[in-house]
Amino acid sequence: MADPEIKSWAPDHESRSAAVTESRPAQAVLMAIAFGFLGIFLLLPLIIVFHEALAKGLDAYTQALSDSDTRSAIRLTLLVAAISVPLNVVFGISAAWAIAKFEFKGKAFLTTLIDLPFSVSPVISGLVYVLLFGAQGLLGGWLKANGIQILFAVPGIVLATVFVTFPFVARELIPLMQEQGNGDEEAALSLGANGWQTFWYVTLPNVKWGLLYGVLLCNARAMGEFGAVSVVSGHIRGLTNTMPLHVEILYNEYNAVGAFAVASLLAGLALVTLVLKTLLEMRYGAEIAASRGH
Amino acid sequence: MQPHFKKLLGALVATSVQFGTLGFAFADTTILNVSYDPTRELYKAYDEAFVAHWKAETGETVTVQQSHGGSGAQARAVIDGLDADVVTLALEGDINAIVSKSKKINPDWRKKFENNSAPYTSTIIFLVRKGNPKGIHDWSDLVKDGVQVITPNPKTSGGARWNYLAAWAYANANDGGDEAKNKEFVGKLYANAPVLDTGARGSTVTFAQKGIGDVLIGWENDAYLALDEFGADNFDIVYPPTSILAEPPVAVVDANVDAKGTRKVAEAYLGWLYSKEAQTIIAKNHYRPAKPELVAPADMPKTPDIKLISIDDPLFGGWKKAQPYHFGDGGIFDQIYKPAQ
Amino acid sequence: MTTAPAPAGWRFRQPSVIPGFGLTLGFSLAYLTLIILIPLSGLVWRSAALGWPEFWSIVTDRRTVNALEISFGTAFVAAAVNVVFGTLVAWVLVRYRFPGRRVVDAMVDLPFALPTAVAGIALTTLYAPNGWIGKLLMPLGIKVAYTPLGIVIALIFIGLPFVVRTVQPIMEEIDREVEEAAATLGASRFQIITRILFPGLAPAITTGFALAFARGVGEYGSVIFIAGNLPYKSEIAPLLIVIRLEEYNYPAATAIAAIMLLLSFVMLLIINLAQSWSRKRYG
């Protein structure tokens with residue numbers, strides 16, 4: 001029974017790697033391929049954005065960003081995100097509460113429905129609102145008669161953004177709250193807390209980092225959405241152009257520096273998102289990991 | 001940690017409320033001009049001049065908002081409810097679409113302003129690489145093997161429809177009016193196109209910035225603008241001996257101005273396009289003014305005299321006939337653009 | 001512990017002491033209905049109004065079929081590429097220790113955070129014949145920008161994190177003792193990978209593939225800049241919807257959207273099945 005081989009690997013930590021992991025050269029090759037792939041497909045696009053934005057120097061860059069249409073595109077993007085993200089946060093918390101805390105018929109189906117916007121083409125997300133609220137659409141006549149402008153105005157852009165970013169918060173919270181179970185809440189309730197108190201003092205602190213994580217992803221997508229917003233925007237300069245749409249417009253105006261300057265702001269936002277996300281994962285990794293495997 | 005988080009959440013809600021109440025309040029009249037792709041620079045200059053003119057004339061402050069895109073796409077947006085006061089599109093067919101599909105523009109809109117409501121005209125010319133290495137001088141050079149032609153998609157771009165019709169007119173004049181041969185010629189031309197952008201601007205970027213193709217078929221004014229933007233030492237402009245007379249029309253969107261009470265300023269906005277000042281701006285932006293007599297000779301674009309065929313020529317029979325025949329579903333363009341087999 | 005024994009017969013939900021079920025479910029359903037279901041049913045309603053023959057003729061139109069083929073074909077190729085390289089990247093991140101691993105790990109999520117339009121113009125600038133990469137490929141006769149290959153490149157960018165992020169956590173959970181046991185029994189590294197590691201990862205890889213594929217099929221923003229948008233050749237289905245819309249051809253736009261929606265539904269179902277399958281097998 002006393003196989004010498006077994007004895008030899010068991011105590012010695014270093015030598016066991018021989019058969020359990022790849023040889024050093026193989027590791028180097030695999031890492032080189034992985035880094036090469038990431039470098040070409042992820043890093044280069046990011047670098048070129050900043051490279052092109054600064055192609056004509058810093059002055060041209062700051063000038064491009066101080067353009068009044070660019071300013072209003074930035075404002076509109078912030079406004080749209082500031083409306084649609086909180087809406088989806090409220091929905092995400094509410095849906096997660098219903099789905100994670102209770103057992104009911106059709107739960108799986110409801111979860112699938114929440115995921116739906118992930119696999120619907122953004123163009124279709126915009127199209128459905130055109131079909132609904134367009135002058136030729138189902139509600140178009142009624143809206144017109146009552147003087148309500150949804151399409152080609154801020155409400156339409158917000159709706160399309162809400163549609164596209166709909167699942168982000170819910171998807172982070174549902175698995176997290178399922179993992180945590182109902183024990184804490186039941187304890188709080190038995191001690192006399194009411195429902196709101198339980199949620200505010202027990203549940204929310206338990207899920208806050210997962211929630212923030214969801215908000216981060218939701219916000220990144222809300223500020224960056226292009227396809228859906230493009231269909232419903234109307235492209236009015238300084239009024240209904242969001243930042244991604246403004247990038248396209250500047251690009252088509254032969255204004256490469258302007259286009260990439262705005263793009264660099266969005267890329268900067270993406271980088272900030274990634275940094276915050278990494279910090280969250282580093283400090284609260286275990287909590288978030290529960291939702292990640294999902 | 002916990003109170004911090006709540007503060008954050010509270011701040012989030014507060015910002016959203018703040019943004020919400022900020023709103024968009026305009027004290028003065030605002031009109032929206034929904035236009036096509038290549039007119040950005042023209043209307044940027046014109047809007048400034050008009051705002052000053054209107055202020056001097058009436059004392060009122062007017063703000064002009066602009067929306068640009070493919071001509072067909074823009075017409076679609078107006079049909080779907082984009083609140084345009086005036087439309088200034090690439091071709092009559094797109095305004096007719098608004099007339100027939102939404103009834104927001106009165107059918108007799110062409111009679112509203114001079115020159116069939118076209119305050120400027122333009123034509124379609126070629127932009128080639130410096131020194132014209134492929135020796136492109138006429139439409140027949142575009143169908144040669146190994147020549148890559150950049151032109152946008154006629155289904156979505158107004159300019160692209162003029163490109164197509166110019167090629168068709170050339171073919172018709174050269175093969176004795178045989179429609180089958182016209183189709184073959186235009187078919188060959190599109191077989192040489194490696195990219196079909198959705199708008200004229202996209203095509204120019206593809207050709208000038210991305211370095212694709214040997215020749216760009218495009219608006220006269222866009223070609224000059226490309227020279228300015230991308231450097232005259234990179235490209236040459238080539239005028240083919242024949243081309244098309246493009247008449248981009250303008251119209252007031254009657255239903256919208258009546259609902260908003262902006263008819264007076266909207267009509268003045270389009271009417272003033274025929275003034276001396278506006279016609280000069282038009283000429284300086286490389287469009288052809290409808291009233292060249294108003295423009296000082298020094299400001300007139302120096303354009304060679306080439307033969308221009310109108311859309312109202314019996315060959316096409318006007319937009320009402322040409323649009324469905326060539327570009328409708330199953331029309332000639334669809335037929336020639338079917339892949340082989 | 002709090003649930004009473006369920007009485008016989010059908011019950012909508014299990015009893016619970018936790019309050020707020022009605023409120024949260026009611027709000028969630030109302031919001032879901034308002035934002036997602038009503039708009040989507042508007043789409044279904046409009047395409048149903050077309051009638052079957054017209055719907056069928058639009059959907060089987062050569063151009064529609066080609067656009068769908070291009071969308072699904074390029075998304076499939078891109079997802080397949082991502083399965084290979086995404087799994088490799090996940091492996092390197094999970095198994096190897098090197099300086100800057102955190103940074104590389106964070107960078108994988110870039111496509112989630114970078115707006116698609118920005119990705120589109122950046123990739124086009126890189127791969128155009130006069131771009132950094134396009135210049136290198138030009139002498140080799142490889143054209144990327146404005147060809148279906150360009151679409152694949154954009155979709156690889158978009159889909160990469162889906163594969164890495166699905167495979168990575170499963171990889172982290174692999175019990176290394178199994179590998180060690182196999183090694184002591186004389187298995188080669190190759191055998192361990194193909195016989196032990198890969199079967200365990202297969203469900204996660206499948207899910208990652210499906211997610212990247214589903215996202216790729218519907219992608220618009222990054223693709224339109226780099227695709228040549230040639231009908232029958234490099235025109236993706238979402239672009240065809242936009243083009244139909246711009247031609248005032250609402251029936252065609254609606255019908256193509258409806259068929260894409262149906263296909264997304266089917267894919268979502270497959271993804272969920274794959275996930276529950278993997279959970280059952282490898283819980």
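Chain identifiers are assigned alphabetically (A, B, ...) following the order of the sequence lines, protein sequences preceding nucleic acid strands; residue numbering begins at 1 within each chain.
Between A/F37 and C/F85, the angle of the ring planes stays under 30°, which puts this pair in the parallel group of the 30/60° scheme.
The six-membered or imidazole ring of C/F157 lies away from that of A/F41, with a centre-to-centre distance of 6.0 Å or more. Aromatic pair C/F162/A/F118: ring centres not closer than 6.0 Å.
With a 4.5 Å cut-off on non-hydrogen atoms, A/I124 touches chain C through its side chain but not through its backbone. Both the backbone and the side chain of C/V89 have a heavy atom closer than 4.5 Å to some heavy atom of chain A. Residue C/L32 touches chain A through both its backbone and its side chain, counting heavy-atom pairs closer than 4.5 Å. For a residue to count as touching a neighbouring chain, one of its non-hydrogen atoms must lie under 4.5 Å from one of that chain's; by this rule C/T124 touches chain A with the side chain only. Contacts of A/Y251 with chain C are made by side-chain atoms alone, with heavy-atom separations under 4.5 Å and no backbone atom involved. Looking at C/I224, only its side chain comes within 4.5 Å of chain A, counting heavy atoms on both sides. For A/L189, the part lying near chain C is the side chain, with the backbone staying farther off; criterion is any non-hydrogen pair under 4.5 Å. In this structure, chain C has no heavy atom under 4.5 Å from any part of A/V275. Proximity to chain A is absent for every atom of C/A119, based on heavy atoms less than 4.5 angstrom apart. Contacts of C/I153 with chain A are made by both backbone and side-chain atoms, with heavy-atom separations under 4.5 Å.
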